[in-house]
Amino acid sequence: MRGYAGKAEMSAEAHPVVAVLGGGQLGRMLVQAGQRIGVDCRLYVPGPETVTSGAAPAISAAWDDEDALRCLADGATVATWEVEHVPLGTVAFLSRLVQVYPAASVLVNVQDRMLQKGLFDCLGLPTAPWMAPDDLESCREAAARFGLPLVAKARLGGYDGRGQRILRCDADVVEAWNQRGPYGFILERFVSFTDECSIVSVHGQDGEIRHWPVVENRHHDGILTTTLAPHPAWSPGLQARAEAIASTLLRKLNYVGVMAVELFRNGEVLVINEVAPRVHNSGHWTIEGARCSQFENHLRAILGRPLGETAAQGYAAMVNCLGTMPDAHHTEDLGVHRHDYRHQPRTGRKVGHLTVVGATVAERDARLAVLQQRLAAITV
Ligand code: AMP
């Protein structure tokens with residue numbers, strides 16, 4: 001165990017204490033939301049790479065360090081995670097010491113893409129047809145059944161397009177099979193879509209569900225670059241369809257907390273890409289663009305408090321900063337809300353985000369256009 005902040009320092013609080021597995025930017029924003037509502041968060045940082053510089057008391061230790069996990073749980077009101085790739089054994093161990101929300105059973109159902117896709121099928125929810133191949137022959141069978149291109153996705157550990165490849169010909173299929181990782185992959189039909197969107201929802205302990213408006217997500221190389229909230233093609237029908245999908249999953253999983261469903265939209269049709277069992281990048285706009293943010297509502301839900309309102313306030317756009325954070329003076333005059341995660345710069349890494357909010361779509365779009373011009377000028 002490294003960098004334990006000290007039991008005395010951590011346990012003298014009168015506020016509820018939320019223990020968070022993970023210490024990246026999502027943890028950081030949970031900490032900040034907690035500060036606004038009198039909740040103390042304590043982070044568990046699995047490696048030096050993800051240290052959230054001084055955001056809250058933090059324990060830095062391996063996922064399987066039982067002494068460190070006991071320290072994390074000591075005096076905590078409830079525990080949660082901000083990253084879904086926590087080993088199940090860690091969550092199971094922690095669950096014996098303190099109530100964990102969402103429950104470990106949620107991770108069992110969604111961490112492995114094969115089980116997650118199986119869950120969608122069992123519930124009759126729309127998702128791209130898929131197969132979990134056992135051998136090269138079944139990979140070729142998937143190619144024959146779904147057609148090429150096919151999308152191969154690692155069963156475990158993939159995110160932001162990592163662990164994923166597009167197979168365009170038989171040679172790609174053979175290569176994917178030969179280079180499969182230890183846990184294998186699933187093969188999914190390539191979906192054609194108008195755009196990608198998501199719905200972020202929260203389920204309280206008393207069963208209440210609230211949803212933020214559906215948003216559009218724009219990606220580059222599989223990484224989210226921009227979220228527009230609400231979705232430019234938002235309609236009551238789109239919202240209702242997305243809410244029905246999210247509510248079905250939240251209820252089936254006995255979920256408590258915030259969950260995101262990433263979707264492909266083709267006109268009126270929604271197809272689930274994947275579920276994120278945590279606060280989500282496409283919900284960062286809610287900090288300034290909604291009555292209650294996803295971070296505050298996650299804390300409210302897991303502490304059994306009444307949920308805050310999820311209605312949008314104006315029109316927001318969130319832009320991710322990848323690699324390096326632009327200096328504040330480049331955007332200061334634009335009324336931009338700047339979130340610097342204080343990460344070490346690294347190519348492609350999410351190091352911060354910027355949010356603009358307008359009273360109208362036109363105002364938001366005009367601000368976003370200027371912001372994007374400025375950012376492009378900096379990176380040239
Ligand atoms: P993921 O890591 O599953 O979120 O995938 C990253 C990106 O790959 C998505 O945001 C999509 O742009 C693309 N993608 C994933 N699955 C498919 C699919 N079945 N068909 C087409 N594009 C996909």
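Counting convention: from 1, in listed order, for ligands and their atoms alike.
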State plainly whether the residues [X] and [Y] are in salt-bridge range, i.e. N to O under 4.0 Å.
X	Y	result
D333	R374	yes
D170	R140	yes
E309	R210	no
E188	R113	no

Find all atoms of ligand 1 within a distance of less than 4.0 Å from any non-hydrogen atom belonging to [X], and give their numbers and elements.
X	value
K153	3 (O), 15 (C), 16 (N)
E262	4 (O)
V191	18 (C), 19 (N), 20 (N), 21 (C)

Note to self: Angle between ring planes, F185 versus W177, binned at 30° and 60°: parallel, tilted or perpendicular?
What the structure shows: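 Ring orientation, 0 to 90° scale: perpendicular.
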Note to self: Given F264, W130, F193, identify the one with the heavy atom nearest to atom 17 (C) of ligand 1.
What the structure shows: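 It is F264 that holds the nearest heavy atom.
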Note to self: Looking at non-hydrogen atoms alone, which of R189, E188, Q164, H219 comes nearest to atom 7 (C) of ligand 1?
What the structure shows: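 Result: the heavy atom closest to atom 7 (C) of ligand 1 is in Q164.
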Check: Non-hydrogen atoms of R218 versus ligand 1: any pair closer than 4.0 Å?
Finding: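 No, that is not the case, since the closest heavy atom of the residue is not under 4.0 Å from the ligand.
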Answer side chain, backbone, both or neither: which part of [X] comes under 4.0 Å from ligand 1, heavy atoms only.
X	value
N273	side chain
V151	side chain
R113	side chain

Note to self: Quick check on Y255: does its OH atom have over 12 non-hydrogen neighbours (other residues, nucleotides or ligands) under 6.0 Å away?
What the structure shows: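 Count over threshold, so yes.
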Note to self: Would F190 count as a polar contact of ligand 1, with the cut-off being nitrogen or oxygen pairs under 3.5 Å?
What the structure shows: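 No, no N or O pair falls under 3.5 Å.
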Next item on the list: Assess whether salt bridge (charged side-chain N to carboxylate O under 4.0 Å, His left out) is satisfied between R278 and E84, documenting all intermediate values.
Entry: CA-CA 7 Å; R278 54 172 167 75; E84 69 266 41; 2.4 Å; yes
